[in-house]
Amino acid sequence: MRRHTPTIAVTLCAVASLAAAAGTPSAARTTSVPTVEATRHVRAPVLVDCLFHPKVRPADFVLACGDGNSRLTSLRWFHWGTASARAVGVNWVNDCKPYCAAGRFHAYPVVVRLDHPRPWKKRPQLSHYGRMTLKYTNGRPEGFSRTVSYPLWD
């Protein structure tokens, strides 16, 4: 029994420390817990990816979830706030000529803006950006406007 005495003493000290940190049961009852509404306004919104994972300042983002023919890469975020987020990066787009499987990807520099934050239906404690706008700064895919906006999924 003597050889276990240091282990028992360390264990008892750890339990006592945890109990002191947790406080008394009455103190736990009087502590206020932030509401879902309060936490939504404290955190900046997230960007929801194709697999419905919340992302904050991702370096890459797939725009065409079904086939992967449009993707943002090399994203450098210079603002991520409660109302909007901004980044610069590259939009890689497949020209799908003569068809998508045989097409080539082309790189287009873009400025990315996220906005229209709203509660995320899948995880109501979080809000997510509802729209993404791409502004092409040097060339753009055939048939695209200089500025393109996409609604983002819930």
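Side-chain contact check for W80 versus L114: some heavy-atom pair is nearer than 4.5 Å. K135 is not listed as a side-chain neighbour of R113, based on a closest heavy-atom distance of 4.5 Å or more. V110 has its side chain out of reach of T137: every pair of non-hydrogen atoms, C-beta onward, lies at least 4.5 Å apart. Using a 4.5 Å heavy-atom cutoff, the side chains of S84 and H79 are in contact. L134 has its side chain out of reach of V111: every pair of non-hydrogen atoms, C-beta onward, lies at least 4.5 Å apart. Residues C96 and N69 have side chains in contact (heavy-atom distance under 4.5 Å, counting atoms from C-beta outward). Within the 4.5 Å cutoff, no side-chain heavy atoms of T147 are placed close to those of S145. Residues R76 and R86 fail the side-chain proximity criterion, which asks for heavy atoms closer than 4.5 Å.
Atom OH of Y99 has 12 or fewer heavy atoms from other residues, nucleotides or ligands within 6.0 Å.
Checked for salt-bridge contact, R131 and D115 meet the test: a charged N lies under 4.0 Å from a carboxylate O.
Side-chain N/O atoms of T73 and W92 include a donor and acceptor closer than 3.5 Å.
Contacts classified as disulfide bond (SG atoms under 2.5 Å apart) and involving residues 111-154 (residues at least two apart or in different chains) are not found. Legend: disulfide bond (SG atoms under 2.5 Å apart) pairs involving residues 118-154, not counting sequence neighbours: none detected.
The minimum heavy-atom distance between H128 and L152, with the atom names listed, is CE1-O, 4.4 Å. Looking at every heavy atom in both residues, S149 comes nearest to T133 through OG-OG1, 2.9 Å. Across P117 and P45, no two heavy atoms sit closer than the pair CB-CG, 3.5 Å.
Side-chain N or O atoms of D95 include none that pairs as donor or acceptor with a backbone N or O of G103 at under 3.5 Å. At distances below 3.5 Å, at least one donor-acceptor pair connects side-chain atoms of N94 with backbone N or O atoms of C100. In this structure, the side chain of N91 does not engage the main chain of S70 through any donor-acceptor pair within 3.5 Å. The backbone N or O of P54 lies less than 3.5 Å from no partner atom in the side chain of W120, so there is not a single donor-acceptor pair.
Separating the NZ atom in K121 from the CH2 atom in W153 is a distance of 15.0 Å, to the nearest 0.5 Å. We find the OH-CZ distance between Y129 and R118 to be 13.0 Å, quoted to the nearest 0.5 Å. D60 CG to K55 NZ: the interatomic distance, rounded to the nearest 0.5 Å, is 10.0 Å.
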(request) Under the side-chain contact (heavy atoms from CB on, under 4.5 Å) rule, what do M132 and L72 come out as? Steps first, then yes or no, please. (result) CA-CA 11 Å; M132 177 183 287; L72 297 171; 3.7 Å; yes

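Cluster membership for Y108 and L63, using ILVMFWY side-chain heavy atoms within less than 4.5 angstrom, is shared. Following chains of ILVMFWY side-chain contacts shorter than 4.5 Å, one can reach F52 starting from F61, so the two form part of one hydrophobic cluster. Cluster annotation: F105 and V93 are assigned to distinct hydrophobic clusters (Ile/Leu/Val/Met/Phe/Trp/Tyr, side-chain heavy-atom contacts under 4.5 Å, transitive). Hydrophobic clustering places W77 together with V48 (ILVMFWY residues linked when any side-chain heavy atoms are closer than 4.5 Å, directly or through intermediates). Criterion: ILVMFWY side-chain heavy atoms under 4.5 Å apart, direct or through other members. Under it, V88 and V62 are not part of a common hydrophobic cluster.
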